[in-house]
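None of the values given here were measured: they were computed from a predicted structure.
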Amino acid sequence: MNVYDSDRMKDSLEPLGYQESSDLQNADMIVINTCHIREKASEKVFSELGRLRKVKQRAQQEQNRQVKIVVAGCVAQAEGEEITKRAPWVDIVVGPQTYHRLPDLVAKLDPFQRNRLIDIDFPPEIKFDFLPEKLGKRGPAAFLSIQEGCDKFCSFCVVPYTRGAEFSRSVQKIMDEAKSLISSGTKEITLLGQNVNAWHGVGPGGKDWGLGRLIFALAELPELERIRYTTSHPLDMDDELINAHAEVNKLMPYLHLPIQSGSDKILHAMNRRHTVLEYLNIIDRLRSARSDIAMSSDFIVGFPGETDKDFANTLNLIDKVGYASAYSFKYSVRPGTPAASKSLQVPEDVKSDRLLSLQQLLDAQQFAFNKKCETKKFDVLVEQKGERKGQLSARTPYMQSAYFDGPESLIGKMTQIKISFARKNSLSAEIFNQKEVI
Ligand code: 5AD
Ligand code: SF4
């Protein structure tokens with residue numbers, strides 16, 4: 001979602017004459033869009049700001065040029081005042097729900113930049129209504145935020161505090177943005193939300209729509225080839241959404257459905273509000289709807305109170321499901337969340353050991369999944385050049401990165417590839433459908 005937000009900030013600054021630059025030393029404005037989900041991500045912001053201070057000083061001393069430094073995103077939201085205290089060279093601090101005001105804030109900066117502006121409200125207006133409708137250049141595969149914020153309040157998580165309450169964009173706005181992306185060449189859309197499957201909106205005729213219905217509607221757009229959505233919560237996997245996996249060919253057979261832990265006791269303490277069995281039942285229903293669906297998840301190890309037995313249950317669950325990929329993290333204490341004050345914090349070395357064995361298991365599953373893809377053929381959307389000259393890259397329906405030789409003219413088009421060799425994190429392939437190449 002930060003990628004999406006960064007693009008929208010960029011769109012909103014274009015009318016002021018700004019353009020994206022890859023040249024940090026000569027940039028007039030530097031916006032860092034931050035993540036607050038774990039402590040490490042947050043800490044990075046301050047070390048990055050130290051680096052930017054030097055860039056700003058150099059521009060001032062050597063070229064008498066004022067560089068504007070903006071901190072956006074969830075660290076800005078959570079630590080707004082603290083940022084300007086610890087890093088007074090930051091000019092503007094703007095939160096995830098106020099970045100539509102960025103052009104106004106830039107205009108309000110005094111030319112010698114003696115003022116500091118902090119805007120981290122949760123405003124009554126909806127930022128999407130104030131962002132430019134015209135989107136800048138996006139790739140063949142693009143993101144579209146349809147839902148934001150979270151009302152679930154998992155006890156470890158800062159999102160409900162930094163992104164605010166759940167909000168769903170309207171069907172009309174989403175369809176308009178999808179059409180605009182498609183008209184500029186996008187063929188794959190990933191629908192985004194912190195709780196994307198909690199999305200609901202009023203469709204034509206006043207009927208209430210859920211994400212499943214929305215996916216059916218998007219699939220009707222002729223030039224859209226593929227649809228994905230992330231991130232989902234198990235509690236919001238309703239029948240219509242599961243049915244979309246059975247009936248909508250454009251919906252990719254890959255689902256990121258975080259469970260966090262395989263222990264019912266820990267799930268309860270995390271306030272996830274479902275059991276391991278309920279999660280497994282959802283996966284069964286998904287697999288009955290679409291037999292080739294591949295699963296991905298997030299896991300947290302070392303949540304307060306997690307015993308060896310709880311952890312063993314997580315490994316059991318992973319064995320049972322068989323994941324195509326997954327993200328895993330050590331529990332990170334987040335100030336202000338209920339879990340932060342729990343007494344049974346797990347020692348750091350125990351967390352590290354558990355993370356290592358969990359990741360070994362997940363890596364082995366990922367590699368086995370990739371291996372199973374050898375000799376298979378996939379229709380793929382060619383997204384960009386690969387690392388080597390003459391090489392292209394695409395994502396398979398299962399989100400694996402595939403590399404193959406082919407002409408650059410294929411970028412942005414669909415083609416068929418055959419997987420020749422699998423590695424842990426990527427696949428080598430060759431173009432199978434030669435007709436498409438000519
Ligand atoms: N510590 C560790 N991991 C966390 N996540 C969210 N909050 C924390 C935390 N305090 C992980 C969860 C979530 C993902 C986006 O980040 O696994 O699904
Ligand atoms: Fe955080 Fe996701 Fe839980 Fe919401 S559902 S509180 S975003 S982990």
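Shown here is Glu43, whose CD atom has more than 12 heavy atoms of other residues, nucleotides or ligands within 6.0 Å. Atom NZ of Lys265 has more than 12 heavy atoms from other residues, nucleotides or ligands within 6.0 Å. Heavy-atom contacts from other residues, nucleotides or ligands closer than 6.0 Å to CD of Glu223 number 12 or fewer. A 6.0 Å sphere centred on NZ of Lys385 holds no more than 12 heavy atoms belonging to other residues, nucleotides or ligands. Around atom CD of Glu20, no more than 12 heavy atoms belonging to other residues, nucleotides or ligands sit under 6.0 Å away.
Between Tyr229 and His245, the ring planes lie tilted relative to each other; the angle falls in the 30° to 60° range. The aromatic rings of His256 and Tyr327 sit perpendicular to each other, their planes meeting at more than 60°, with 30° as the lower class boundary.
By the 4.5 Å heavy-atom criterion applied to side chains, Ser263 and His268 are not counted as neighbours. Put simply, the side chain of Leu192 does not reach to within 4.5 Å of the side chain of Leu144, judged on heavy atoms. Between Phe216 and Asn243, the closest side-chain pair of non-hydrogen atoms falls below 4.5 Å. Looking only at side-chain heavy atoms (C-beta outward), Arg228 and Arg226 come within less than 4.5 Å of each other. Side-chain contact between Phe130 and Tyr99: absent, with no pair of heavy atoms (C-beta onward) separated by less than 4.5 Å. Counting heavy atoms from C-beta on, the side chains of Glu383 and Ile411 never come closer than 4.5 Å. Looking at heavy atoms from C-beta onward, Ser6 lies out of side-chain contact with Val3 at the 4.5 angstrom threshold. Side-chain contact between Asp239 and Arg285 is present, with heavy atoms from C-beta onward closer than 4.5 Å.
Minimum heavy-atom separation, Ala178 to Leu221: CB-CD1, 4.1 Å. Listed here is the closest heavy atom pair of Ile215 and Ile227: O-CD1, 3.9 Å. Contact record, Ser168 with Gln147: OG-CG, 4.3 Å, taken as the closest heavy-atom pair. In terms of heavy atoms, Leu241 sits closest to Asp236 at CD2-O, 4.2 Å. The shortest non-hydrogen separation linking Arg272 to Pro234 is NH2-CD, 3.7 Å. Minimum heavy-atom separation, Lys250 to Pro222: NZ-O, 3.8 Å.
Side-chain contact check for Asn370 and Lys424: no donor-acceptor pair (N or O, by modelled atom type) lies under 3.5 Å. Judged by distance alone, the side chains of Asn425 and Gln366 do bring a donor and an acceptor atom under 3.5 Å apart. Side-chain contact of Asp319 with Asn316: a donor-acceptor pair under 3.5 Å is absent, judged by distance alone.
In this structure, Arg423 forms no cation-pi arrangement with Phe367, as its terminal cationic atom is not both closer than 6.0 Å to the ring centre and no more than 45° off the ring axis.
Thr34 places a side-chain N or O within 3.5 Å of a backbone atom of Ala72 that can act as its donor or acceptor partner. Looking only at distances, a side-chain donor or acceptor of Gln365 sits under 3.5 Å from a matching main-chain atom of Ile318.
In this structure, Phe299 has its ring center under 6.0 Å from that of Tyr323. Side-chain rings of Tyr398 and Tyr254 stay apart, their centers remaining 6.0 Å or farther from each other.
Looking at Gln359, Arg354, Gln260 one by one, the single match for side chain to side chain donor-acceptor pair (under 3.5 Å) with Ser328 turns out to be Gln359. For the salt bridge (Lys or Arg N to Asp or Glu O under 4.0 Å) with Glu177, the qualifying choice from Arg169, Lys134, Arg138 is Arg169, the only one to do so.
With respect to Arg287 and Asp284, no salt bridge is recorded, no charged nitrogen being found less than 4.0 Å from a carboxylate O. In this structure, Glu188 does not pair ionically with Arg395, as no charged nitrogen and carboxylate oxygen lie closer than 4.0 Å. Arg163 has a carboxylate O that lies under 4.0 Å from a charged side-chain N of Asp5, or vice versa, which qualifies the two as a salt bridge.
The structure places CD of Glu387 at 9.0 Å from OG of Ser401, a figure rounded to the nearest 0.5 Å. Atom CD1 of Ile69 sits about 12.0 Å away from atom CD1 of Ile83, to the nearest 0.5 Å. From Thr307, atom OG1 reaches atom CG of Leu344 across 10.5 Å, with rounding to the nearest 0.5 Å. Separation of atoms OG1 (Thr231) and CG (Leu257) is listed at 9.5 Å; rounding is to 0.5 Å. Separation of atoms CE (Met237) and CD1 (Ile242) is listed at 5.0 Å; rounding is to 0.5 Å. For the atom pair Gln194 CD and Asp151 CG, the distance stands at 11.0 Å (nearest 0.5 Å).
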Do Arg213 and Asp208 pass the salt bridge (Lys or Arg N to Asp or Glu O under 4.0 Å) test, and can you show the C-alpha distance, the side-chain angles, and the key distance before you say yes or no? CA-CA 9 Å; Arg213 186 72 201 81; Asp208 201 41; over 6 Å; no
Check against salt bridge (Lys or Arg N to Asp or Glu O under 4.0 Å), Glu48 and Arg51: CA-CA 5 Å; Glu48 187 63 20; Arg51 199 163 76 93; 3.0 Å; yes
Working note: Lys10 + Asp7, criterion salt bridge (Lys or Arg N to Asp or Glu O under 4.0 Å); need CA distance, chi angles, decisive distance, verdict. CA-CA 5 Å; Lys10 196 171 74 188; Asp7 278 338; 3.5 Å; yes
Please test Arg86 against Glu79 for salt bridge (Lys or Arg N to Asp or Glu O under 4.0 Å), starting from the C-alpha separation and ending with a verdict. CA-CA 10 Å; Arg86 272 177 73 178; Glu79 297 180 31; 5.0 Å; no
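In this structure, the salt bridge (Lys or Arg N to Asp or Glu O under 4.0 Å) partners of Glu348, at least two apart in sequence or on a different chain, are Lys330, Lys351.
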Output side-chain donor-acceptor pairs under 3.5 Å for residues 153-162, partner residues at least two apart or in another chain, one line each.
residue: Ser155; atom: OG; partner: Ala269; partner atom: O; Å: 2.8
residue: Thr162; atom: OG1; partner: Val158; partner atom: O; Å: 3.3

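Residue pairs that meet the salt bridge (Lys or Arg N to Asp or Glu O under 4.0 Å) test with at least one member in residues 91-106, sequence neighbours left out, are Lys56-Asp91, Asp91-Arg116, Arg101-Asp119, Arg101-Asp121, Arg101-Glu125.
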